[in-house]
Amino acid sequence: MAKYNHREIENKWRKIWKENPVNVDDGQKPKYYCLDMFPYPSGSGLHVGHWRGYVISDVFSRYKLLNGYYLIHPMGWDSFGLPAENYAIKMGTHPAKTTAENIASIKTQIHQINALYDWEMEFSTTDPDFYKWTQWIFIKMFKEGLAYEKEMPINWCPSCKTGLANEEVVNGACERCGDPVTKKNLKQWMLKITKYADRLLNDLDKLDWPEKVKKMQADWIGKSYGAEVDFLVCEREEKIKVFTTRPDTLYGATFMVLAPEHELAALLATSETKEAVDKYIYESSLKSSVDRLQDKEKTGIFTGSYAINPLSGEKLPIWLADYVLADYGTGAIMCVPAHDERDFEFAKKFDLPIVQVIAKDGIETPDMTEPYCEPHGLVINSSDWNGMESALLKAEAPLIIEKRGLGKKTTNFKLRDWVFSRQRYWGEPIPIVHCPACGCVPVPEEELPLLLPNVESYQPTGTGESPLAAITAWVNTVCPSCGLEAKRETNTMPQWAGSSWYFLRYIDNKNDEALVDKEKASKYLPVDMYIGGVEHAVLHLLYSRFYTKFLFDLGYVDFEEPFIRLFNQGMITGKNGVKMSKSKGNTVSPDDLVRDYGCDSLRLYELFVGPPELDSEWDDRGIEGVYRFIAKFYNLVMENKDKNTKPTKEMLRIRHKMIYDITQRLNNFSLNTVVSGFMEYNNKMIALARDGGIDKETLITGVILLAPFAPHLAEELFRELGGKESVFSCRWPDACENLMADDEKEVAIQLNGKTKKVVRMAADLSQADAIKLAKEELGERLIGTIIKEIYVPGRIVNLVVRD
RNA sequence: GCCGCAGUGGCGGAAUUGGUAGACGCACAGGACUUAAAAUCCUGCGGGCUCAACACCCGUACCGGUUCGAUUCCGGUCUGCGGCACCA
């Protein structure tokens with residue numbers, strides 16, 4: 001009999017499927033759009049970690065196919081980005097060339113997985129046909145006032161020599177290279193993502209996403225409720241607005257602090273303090289955000305001016321301190337040292353008064369040695385507010401303040417507008433012309449795409465100008481509006497620009513007239529299942545949601561959320577949980593494993609290593625186990641396919657239980673236990689075959705269930721079992737609960753909750769009979785008086801005994 | 001500091017709503033087949049006690065609680081990982 005030969009079987013079906021695709025749109029079937037986060041075509045190729053996500057999505061896709069769906073399962077390339085550009089700087093090779101080569105080699109590797117990708121849908125974000133529409137969206141945003149230019153201090157990565165979005169700064173360092181981020185004053189294109197803050201927050205409820213990711217986005221958006229309160233400056237015209245989430249503590253405000261960048265900061269200095277104040281403002285302007293974060297000790301300086309507490313009328317000294325952030329709230333705060341940790345620390349250091357206004361458990365603390373920050377307790381020292389509950393007052397105070405004309409009820413977000421320009425070469429040119437007469441004028445839509453020109457030097461200038469600025473022939477143009485001489489914008493878009501909407505394009509990737517045909521969009525979109533790593537929780541996934549909402553508002557798509565369901569696969573790591581990377585030399589290439597064990601074995605093993613949502617350490621040795629399973633199953637089918645064994649009750653039971661277990665585990669995304677389940681049922685079937693044979697229908701069922709996981713093997717065996725068409729034209733089998741049920745069950749007999757014996761008994765045995773049986777089984781071991789008898793049919797009998 | 005997740009054999013990991021802890025696999029050990037090896041098949045495999053078996057005892061990070069019964073629920077502690085980090 002033929003031995004399992006993975007190479008022969010896999011090559012055979014690879015070829016046949018290519019000629020006879022198994023996933024076709026007949027116009028009748030419902031669609032299912034299952035998408036992988038598209039890869040950046042890096043030069044180091046794929047390792048076994050990359051396989052995991054692709055295998056998970058393909059398994060799920062093929063499962064949907066067997067459930068009667070037409071699958072949309074595309075693949076493309078996120079190919080703008082720094083590595084290709086840095087390589088160009090070093091070697092002088094054009095990034096387009098490097099990118100094309102990398103795509104070709106990664107594609108070869110991806111083909112090894114033999115996932116159901118529809119390569120007709122493929123594109124790269126660097127294709128002019130594609131980035132035409134990336135630019136087009138930018139122009140739409142510009143026209144809607146959502147893209148605007150602003151000069152401000154932005155995050156600057158000195159190593160990448162470009163500005164960064166807030167989302168790209170991780171613990172004060174560049175998300176990409178890890179170098180500390182500094183501030184730089186630059187004129188930048190910004191996207192007004194903050195306009196969508198509320199919707200981005202509220203619509204999280206609609207999504208079938210991991211709670212963790214939703215929470216990360218909610219925290220990033222960071223909505224807080226409170227009041228904006230006006231404080232008048234003594235003997236001057238100015239008002240200082242502050243935002244507070246604790247207006248209930250307003251009577252406890254004993255001083256104020258402004259960020260050094262606040263517009264009034266320098267003005268509030270008196271002739272005596274001016275010199276010191278200017279010095280402080282200058283010094284803090286030199287500090288990087290990292291320095292500012294790392295300063296343990298708070299610094300600050302008194303301006304010499306005072307403000308009036310609008311409720312108590314007390315005079316409050318106004319200070320400057322860099323622990324107050326210029327770009328959150330109003331850049332100024334009222335300080336309640338008794339009930340805020342930072343204010344407390346500051347007050348202690350500079351010897352400012354501390355007034356308690358909330359008494360924990362209603363008891364006033366004589367000398368506060370630490371602040372009390374919980375909004376629960378009795379309001380004290382607060383005139384007409386005395387005696388109220390803090391939590392209630394916290395909710396009501398904004399309205400009271402608003403009624404008295406001292407401020408207004410308001411909310412605040414941590415989310416900032418998106419810094420959208422990059423001072424680098426390898427990105428989409430921002431399609432704007434700067435005209436001395438008309439200002440910023442968008443490139444006319446019919447002139448798109450605005451092609452990225454070739455440059456001589458890819459080297460970023462580091463001065464805040466893009467390498468494009470050096471190409472005068474490209475930069476110098478005429479204003480599309482008035483025809484006067486004008487200059488092109490030379491910054492490019494960030495890498496996130498293309499990935500923020502690419503999922504819309506797959507289904508209509510050759511459309512020249514529109515970003516996506518409206519009819520097709522409403523038929524095939526949005527994405528039903530999105531699979532990728534958790535590292536994009538706030539970057540790509542937040543940007544994509546923003547873009548989709550924007551396109552919805554303009555009527556180009558009819559849904560507001562791009563990804564209905566999200567699954568984050570865990571990372572595959574090397575030994576001891578170390579991330580796989582070329583530099584650490586711990587990557588494992590799938591190529592050798594495919595050669596030695598086959599694609600099907602590697603697919604199964606990728607799932608078997610551990611729960612798909614958790615990180616797993618890779619250990620090559622384990623693949624032997626799944627290979628053995630495949631070979632054994634192959635032998636089982638080949639030996640029994642022609643025997644015409646009549647199904648027994650036991651065979652039916654195993655068949656239906658197998659359907660039930662595999663389906664349920666698959667639906668729960670418990671893919672590692674699906675594989676162990678196959679092994680278990682395979683062992684059972686082998687035992688059955690030995691004890692008199694196994695029926696063909698049970699074997700066919702096993703083959704269909706295995707098809708999403710080991711498609712080549714399943715197809716081969718399905719044909720061997722007499723299948724005329726592809727196994728993927730079958731329907732996923734249904735489990736019949738009646739046939740699954742076992743007449744007899746193994747029941748544990750316990751004495752005081754401890755198992756003493758395991759006995760087979762009828763599943764529907766009555767309580768009285770079960771107890772009687774248990775007593776007989778225990779025999780002499782049963783000493784003392786039975787005070788309680790517990791019987792869970794099919795599971796346990798427990799006799800509780802006391803001496 | 002705050003929030004979230006996790007901790008089970010030598011290893012990866014299983015255990016519907018609390019109901020036989022350690023499925024499945026790896027590694028290891030013994031055996032069969034073979035001149036031999038590989039492959040394959042069979043057996044064993046948490047710890048203690050025991051020559052051995054039965055029995056018994058301990059055991060899901062640690063301490064305590066609820067329960068007839070806890071890996072699962074509750075309270076506290078420790079450790080590891082992830083997110084946020086002066087957001088007023």
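Reminder, nothing fancy here: chain letters follow the sequence lines and each chain counts from 1.
V609(A) comes within contact range of the sugar-phosphate backbone alone, with a heavy-atom separation under 4.0 Å but no base atom that close. Within 4.0 Å (heavy atoms only), K757(A) reaches no atom of the nucleic acid at all. Residue contacts for E746(A): at a heavy-atom cut-off of 4.0 Å it reaches a base atom on one of the strands shown.
One can place CD of Q750(A) at 16 Å from P of G18(B), the figure rounded to the nearest angstrom.
Residue K212(A) places no side-chain N or O under 4.0 Å from the OP1 or OP2 atom of C84(B). Checking the phosphate oxygens (OP1, OP2) of G13(B), no side-chain nitrogen or oxygen of T673(A) falls inside 4.0 Å. In this structure, N672(A) reaches the A14(B) phosphate: one of its side-chain N or O atoms is under 4.0 Å from OP1 or OP2. OP1 and OP2 of U16(B) both lie 4.0 Å or more from every side-chain N or O belonging to N668(A). Remark: K214(A) is not in phosphate contact with G4(B), judged by side-chain N or O atoms under 4.0 Å from OP1 or OP2.
As the counterpart of C73(B), G65(B) is assigned, both hydrogen-bonding distances of the Watson-Crick or G-U wobble pattern falling under 3.5 Å.
Within residues 786-795 of chain A, the residues approaching RNA chain B are K788(A), I790(A), V792(A), R795(A), by heavy-atom distance under 4.0 Å.
Taking only side-chain atoms of M679(A), from C-beta outward, the nucleotide of G25(B), A88(B), A27(B) with the closest atom is G25(B).
Taking the syn range as angles within 90° of 0, the glycosidic angle of G9(B) is syn.
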